K.L.:
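Would you mind keeping the following structure in view while I ask a few things?
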Number of protein chains: 2
Amino acid sequence: MEIIAEKKKAILESTLKLIKENGFHGTPMSMVAKRAGVAAGTIYHYFDSKDTLIMDLFAYTQQQVQEAVHKDLREGMDLKENFFLRWISRCQFYIQHPDVLFFIEQFVSSPYYPRCPADQNDRIQNDIKEFILLGHQHGILREVDHKLMSIMIHSSIMTAARVHLDGRVQLGDKEFQQLAQMIWDSIRKL
Amino acid sequence: MEIIAEKKKAILESTLKLIKENGFHGTPMSMVAKRAGVAAGTIYHYFDSKDTLIMDLFAYTQQQVQEAVHKDLREGMDLKENFFLRWISRCQFYIQHPDVLFFIEQFVSSPYYPRCPADQNDRIQNDIKEFILLGHQHGILREVDHKLMSIMIHSSIMTAARVHLDGRVQLGDKEFQQLAQMIWDSIRKL
DNA sequence: GCACACCGAATGAACGTTCAATAGACAGAA
DNA sequence: TTCTGTCTATTGAACGTTCATTCGGTGTGC
């Protein structure tokens, strides 16, 4: 766990916010610099280029998500509880951090994504996958490729969070439970 | 149904392909012009700006998707058959037209999307929604907001197609059936 | 001779990146 | 303590490129 220099962090955070507001293109380096309270040149002290800034930002957000979800986990839960907790806390994280959600969405459907190392790609779904493997061992989940399953789950989480943030549908406790139940029913053996 | 001038269509199609290859930024108007076999200025005869070109392209792809799905529909299917057919044929359309999928993905997670009229936003899920309403009337589907449900369904389709195209998981007939079944089980009353 | 589709070089603004210059921190030498 | 040199962090004006857009002009059909 590397300690990130204050200015470096400021740069990452401003980029995150600006990309949410203006998209990848809409955010020139000069704007990032201004928002972060540094000079344009300073960015290049920490990052080789705009591209690597964005790639690094992806790794940075990944780490944030993972930490947030792990914080909520407890011992001694059965698989279903475990699933509900993971699904809901991840969804809530995205809702509390819209900039992270928007950035990840934009990143994964951009030409940047395929360029980053496969193991990092997958880290998004890593703890989901670990959970699925367990479920398969117990014979509770359907016999579906676990990679496919984990991606489908993660996509459902992001979609739900997105819909809520867009204001298209308000998600409260009841809806979280409903959604988690829906996805749970889609992966478990009936 | 407007008849689209040949050059206009060529411009739309090249933009679609180029955006798939290079993303929104990576595709300058000059490149679009070259690929479409027209002069740069010609683009501005048909479109006010790059922005409106992209917005129009969105409407254009929407229409393509809708036509493709409707072609497959037959009369006298029960709700489950209906759902399977819609889910699978839409997924297959995206797989056969990766550029459409990539463009839509990129578009909806960009600052362009919120800028287009709400009714057009929703047309993506329009026929899905119509189906859901029917299912609700028959008491077959869960009591979940139909807007939410239709978005979740559409997202599952796009995700599946995407995973297949990325080569992360090969989808054959068996997998399509499995997936449609999963999603079906997530929306129906158990 | 008017209207329309089309061309493509020219324009000007925006943007990523560079770099010479400055300031500060720190270590060792005197 | 003071001086000196080195290294790093930072600055922001300047550079060169790229790119969306414009516009004067050409060709074609009516």
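No hydrogens, no waters, no symmetry mates; every other heavy atom, side chains included, goes into these values. Within every chain, numbering begins at 1; the chains are lettered A, B, ... in the order of the sequence lines, protein sequences first and strands thereafter. Not measured: the values here are computed from a predicted model.
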K.L.:
Can you see whether A/Ser186 engages B/Ser186 through a side-chain donor-acceptor pair at a distance of less than 3.5 angstrom?
P.N.:
no
K.L.:
Suppose the criterion is salt bridge (Lys or Arg N to Asp or Glu O under 4.0 Å): which pairs have a residue in residues 35-57 of chain A, not counting sequence neighbours?
P.N.:
A/Glu21-A/Arg35, A/Asp51-A/Arg115
K.L.:
Sugar-phosphate atoms are those with a prime plus P, OP1 and OP2; base atoms are the rest. Using that split, label each nucleotide of nucleotides 4-18 of chain C B, S or - for protein heavy atoms under 4.0 Å, 5' to 3'.
P.N.:
-SSSB------SSBB
K.L.:
Could you tell me whether B/Lys8 sits above the aromatic face of B/Tyr60, with NZ or CZ closer than 6.0 angstrom to the six-membered ring centre and within 45 degrees of the axis?
P.N.:
no
K.L.:
Determine whether more than 12 heavy atoms belonging to other residues, nucleotides or ligands lie under 6.0 Å from atom CG of A/Asp173.
P.N.:
no
K.L.:
Examine distances only and state if a side-chain atom of A/Arg142 and a backbone atom of A/Arg188 form a donor-acceptor pair shorter than 3.5 Å.
P.N.:
yes
